[in-house]
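Contents: one structure, followed by commentary.
Position 1 is the first residue of the sequence, and the numbers go up from there. Keep in mind the model is a prediction, meaning the values are calculated, not measured.
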Amino acid sequence: MKIESGKYAVIIKRLWIGAGAALVLFVFFVFAVSVNLFYLFGQMPSLKLLENPKSDLASELYTADGKLMGKYFTQNRSPVEYEQISPNVIKALLAAEDVRFYKHSGVDFKATLSLPYYMLKGDSKGGSTISQQLAKNLFAMRGGFYAGPLYRVPGLRILIIKAKEWITAIHLERNYAKEEIVTMYLNTVEFGSNAFGIKVAAKTFFDKLPSELTVTEGATLVGIVNLPTRFNPVAHPQASKNRRNVVMAQMVKYGYLPEREFDRLKTQDIDVSRYSVENQNKGLAPYLRTVLQDVLLRWADAKGYDLYSDGLKIHTTIDSRTQRYAEETVATHMKDQQNKFFQQWGSKNPWVDKDKREIKTYIQQAVRRTPRYRGLKERYGDDEQAINRVLNAPVKMRVFTWNTPAHEKDTTMSPVDSVRYYKRFLQTGFLSMDPATGWVKAWVGGIDYKYFKYDHVRQGRRQPGSTFKPIVYATAIDNGFKPCDEVLNIPVTLDGGDGKAWTPNNFDNNFDGETMTLRQALGRSVNTIAAYLMGKVGPTRVVEMAKRLGITSPLDAVPSLALGTSDVTLYEMLGAYSTFVNGGTYTEPYFLTRIEDKYGNVLQEFPVRTYEAISEETAYLMVHMLRGSVQERGGTSMKLHSYAFGRKTEFGGKTGTTQDYADGWFIGITPGLVSGLWVGGDEPSIHFKNSTYGQGG
């Protein structure tokens with residue numbers, strides 16, 4: 001017995017020596033990793049990074065009344081405070097991921113030692129604490145900057161990574177309170193569906209704030225974190241429900257949820273009826289957001305910020321209610337106009353030349369301008385047969401339509417047929433602004449941003465037709481004419497600028513010789529009198545006036561400019577009309593007020609551009625003239641009297657229609673708002689057949 005006792009003593013002694021050596025080796029290993037001994041292990045997060053860890057945050061765009069319009073991001077993440085997170089989420093997280101969270105200091109060795117047991121059970125539960133998971137989320141220690149030469153050793157690599165996560169977790173625990181660590185974790189973790197952080201996840205899956213999440217919703221989101229793809233409640237509802245119930249069972253086990261409540265909740269299905277993934281196609285004013293993106297990228301590049309990850313707060317002039325009304329009204333109006341357009345053309349193609357004959361090569365040319373064609377051209381070179389086989393092969397696709405509530409439908413058609421399909425749609429642009437401040441209140445750049453990305457407010461240039469006439473009249477008034485001056489409605493012939501005579505017709509081809517005042521002539525939009533004034537003041541002066549009123553597009557200094565034959569943007573025209581209402585002071589349409597950092601510190605404010613363009617008297621008289629379109633007999637805007645606001649508000653305006661009804665315009669003015677609308681086809685060759693529906697009025 002003594003011998004055996006001696007043997008046991010030797011064994012025990014050797015075990016102690018081995019354990020001691022292992023402990024020393026482990027401590028040395030952790031030390032070596034922490035100091036990157038001989039540069040073999042890779043860098044550790046610096047103290048500066050630990051004190052101010054950086055995670056990608058979406059930059060947010062806000063209306064003037066504080067509503068979120070949209071975001072710019074690579075990872076859609078917006079932070080919240082601990083107090084803004086429902087206790088249901090916190091309890092679910094602790095029960096499922098780290099029930100000993102308030103008892104350890106970053107590393108839970110008890111949970112770590114239990115890892116083999118859970119692996120044998122096939123349970124995905126591991127020994128990583130919330131602090132360790134946060135370290136992994138904040139610092140990409142599995143490669144890149146943090147990788148050292150020993151990362152190439154397969155077995156050793158994972159040990160080094162785990163050691164770094166342990167060390168970093170302990171440092172985080174020293175620098176932050178437990179509540180701060182939980183908050184940071186929930187702000188950084190991925191939930192799938194392009195949702196990073198609890199705020200975006202709550203919005204994406206349940207259209208709620210994090211503070212509003214119920215027990216089942218909180219458990220669902222915590223369950224998703226484990227495997228975002230596998231436990232997505234939309235793609236895998238049963239798997240997500242099972243996982244949610246596992247989380248709630250853990251909540252029962254650790255006293256966070258009464259068992260009776262669990263029995264009631266576990267049978268409920270997950271309601272994802274309000275599920276919606278945020279993207280650039282959704283939210284208010286998507287066309288303006290794209291315009292702003294270009295402005296902001298230039299600003300960020302100059303100032304050293306990253307628009308997509310620095311969590312900037314961008315404030316605009318948009319009024320959320322006005323914008324929403326504008327989008328809804330434009331959609332209603334355009335659906336009606338589109339139906340009328342289809343009625344006029346029927347099965348015939350609407351792209352025609354000046355002789356009203358279909359342009360046979362139109363679709364072929366349009367297809368060749370598409371990115372799809374250019375990509376096929378790079379792939380197949382000059383093999384047009386191969387390109388045409390792909391372009392004419394039917395494929396399943398989702399397309400725009402006015403005939404469903406979502407404005408889209410699933411169908412099958414070839415890429416060529418899809419071009420033909422989309423070219424039949426009318427397009428639009430709408431802009432509304434405060435003439436005194438320049439603040440843009442609403443911006444609608446097209447009929448549907450998801451399917452039509454081109455902005456018709458600032459990007460698109462089209463002939464303004466008769467909406468350009470007020471600029472001619474303003475030039476005349478600036479040169480001594482008065483609204484009450486009388487002119488005969490008779491043919492006017494001028495040198496067209498190319499050596500040929502130019503004699504414009506009136507809309508109704510009527511030259512009755514009637515005497516009318518300039519106010520009556522503008523109200524009725526009489527072409528001959530606009531041409532008469534152009535002959536008196538000259539095209540050069542009209543171009544100069546247009547430039548003073550903010551028109552920057554190239555203008556042809558020819559007599560026909562009186563009828564709006566040079567292309568301009570709706571954005572420019574609104575600035576010009578606002579000058580009349582604003583007492584002669586030009587104020588550029590203004591949509592960006594300030595940019596703040598993620599903490600709310602103002603980085604830059606953007607002043608409005610303004611200058612004296614015309615005299616106050618000329619501006620006053622032009623407002624008086626523009627009111628003639630609704631007050632004078634035969635005025636082109638008389639229909640506005642049928643609307644309720646017309647009985648309460650002083651207003652005026654001007655319609656515009658171009659050759660062959662290719663463009664329909666209206667710009668309206670009130671003391672506090674100037675609004676403009678353009679409607680037309682993708683190109684001037686696409687238009688209404690006749691004046692029944694094709695006028696700006």
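- Seen from the ring of F342, K340 does not count as a face-on cation partner, given the 6.0 Å and 45° thresholds.
- When side chains are defined from C-beta on, Q427 counts as touching W678, because their heavy atoms get closer than 4.5 Å.
- For the atom pair CE of M334 and CG of D448, the computed distance is 12.0 Å after rounding to the nearest 0.5 Å.
- With respect to the salt-bridge test (charged N to carboxylate O, under 4.0 angstrom), the residues R519 and E632 qualify.
- Residues E616 and T585 have side chains not in contact (no heavy-atom distance under 4.5 Å, counting atoms from C-beta outward).
- Listed here is the closest heavy atom pair of F468 and G564: CB-CA, 3.7 Å.
- Considering only heavy atoms from C-beta on, L592 comes within 4.5 Å of L292 through its side chain.
- Aromatic rings of F606 and Y590 (six-membered ring for Trp) have centroids beyond the 6.0 Å cut-off, not under it.
- The shortest distance between side-chain heavy atoms of H407 and K450 does not fall below 4.5 Å.
- When L563, N506, T467, T636 are each tested for a side-chain contact (heavy atoms from CB on, under 4.5 Å) with S525, only one passes: T636.
- Looking at heavy atoms from C-beta onward, I318 lies in side-chain contact with V440 at the 4.5 angstrom threshold.
- Taking both residues in full, the closest heavy atoms of P286 and E327 are given as CD-OE2, 4.0 Å, listed atom of the first, atom of the second, then distance.
- Inter-residue side-chain proximity for W502 and K500 is flagged as unmet; no heavy-atom pair is nearer than 4.5 Å.
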Review point. Does the pair Y611 and E588 meet the rule for a side-chain contact (heavy atoms from CB on, under 4.5 Å), with working shown?
Key: CA-CA 9 Å; Y611 57 82; E588 183 177 14; over 6 Å; no
(Q) Could you go through V526 and Q520, starting from their C-alpha distance and side-chain angles, then the distance that decides it, and tell me whether this counts as side-chain contact (heavy atoms from CB on, under 4.5 Å)? (A) CA-CA 9 Å; V526 181; Q520 290 171 330; over 6 Å; no
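- Taken to the nearest 0.5 Å, the OG1 atom of T316 stands 10.0 Å off from the CZ atom of R594.
- Interatomic distance, CZ of F580 versus CG of L549, reported as 5.0 Å (0.5 Å rounding).
- Between D417 and R420, at least one side-chain N (NZ, or NE/NH1/NH2) sits under 4.0 Å from a carboxylate O, which counts as a salt bridge.
- Minimum interatomic distance between K282 and S276 (heavy atoms only, all atoms of both residues): NZ-OG, 2.9 Å.
- For K654 and W665, the positive end is not near the middle of the six-membered ring at less than 6.0 Å and at most 45° from its axis.
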Go through it in stages, so that I can follow the logic: the residues are K67 and Q323, the test is side-chain contact (heavy atoms from CB on, under 4.5 Å), and I'd like the CA-CA distance, side-chain angles, deciding distance and then a yes or no. CA-CA 11 Å; K67 304 296 182 182; Q323 179 67 32; over 6 Å; no
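- For W402 against A331, the heavy-atom pair with the smallest separation is CZ3-O, 3.6 Å.
- A salt bridge between K71 and E278 is present, with a side-chain N of the basic residue lying under 4.0 Å from a carboxylate O of the acidic one.
- A donor-acceptor contact closer than 3.5 angstrom is absent between the side chains of Q459 and Y454.
- The shortest distance between side-chain heavy atoms of H456 and L570 does not fall below 4.5 Å.
- Of the residues listed (T475, V487, L518, L621), the one engaging F481 in a side-chain contact (heavy atoms from CB on, under 4.5 Å) is L518, and it is the only one.
- Taking CD1 of I447 as the start and CG of L426 as the end, the distance is 8.0 Å to the nearest 0.5 Å.
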Report the C-alpha separation of D660 and K356 in whole Å, then their side-chain angles, then the decisive distance to 0.1 Å, and conclude whether the salt bridge (charged side-chain N to carboxylate O under 4.0 Å, His left out) test is met.
CA-CA 9 Å; D660 295 325; K356 308 296 190 293; 3.2 Å; yes
Practice problem: Go through the steps for S553 and E572 under the test side-chain hydrogen bond (donor to acceptor under 3.5 Å, both in side chains), then give the verdict. | Solution: CA-CA 8 Å; S553 295; E572 293 170 322; 2.8 Å; yes
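- Salt-bridge formation is detected for the pair D478/R548: a Lys NZ or Arg NE/NH1/NH2 atom is positioned less than 4.0 Å from an Asp or Glu carboxylate oxygen.
- Taking the charged nitrogens against the carboxylate oxygens, D567 and R462 have no contact shorter than 4.0 Å, which rules out a salt bridge.
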* Does the pair D455 and W443 meet the rule for a side-chain hydrogen bond (donor to acceptor under 3.5 Å, both in side chains), with working shown? -> CA-CA 10 Å; D455 174 54; W443 182 308; 3.1 Å; yes
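- Between T587 and P435 the shortest heavy-atom distance is OG1-O, 4.0 Å.
- Summarising the geometry, atom CE belonging to M69 is positioned 4.5 Å from atom CG belonging to L61; distances are rounded to the nearest 0.5 Å.
- G513 and L488 make their closest contact through O-CD2, 3.4 Å (heavy atoms, listed as atom of the first residue, atom of the second, distance).
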side-chain hydrogen bond (donor to acceptor under 3.5 Å, both in side chains) evaluation trace for Y449 with T290
CA-CA 10 Å; Y449 183 79; T290 300; 2.5 Å; yes
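- Rounding to the nearest 0.5 angstrom, the gap separating the CD atom in E596 from the CD1 atom in I314 is 10.0 Å.
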Q: List the steps, then state whether side-chain hydrogen bond (donor to acceptor under 3.5 Å, both in side chains) holds for Y72 with Q293.
A: CA-CA 8 Å; Y72 304 108; Q293 181 175 251; 5.9 Å; no
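- With 3.5 Å as the limit, one finds no donor-acceptor pair spanning the side chains of Q463 and D663.
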Discussion item. I'd like to know whether Y577 forms a side-chain contact (heavy atoms from CB on, under 4.5 Å) with L626, so could you lay out the CA-CA distance, the side-chain angles of the two residues, the decisive distance to 0.1 Å, and finally the verdict.
Written reply: CA-CA 10 Å; Y577 275 65; L626 286 167; 4.1 Å; yes
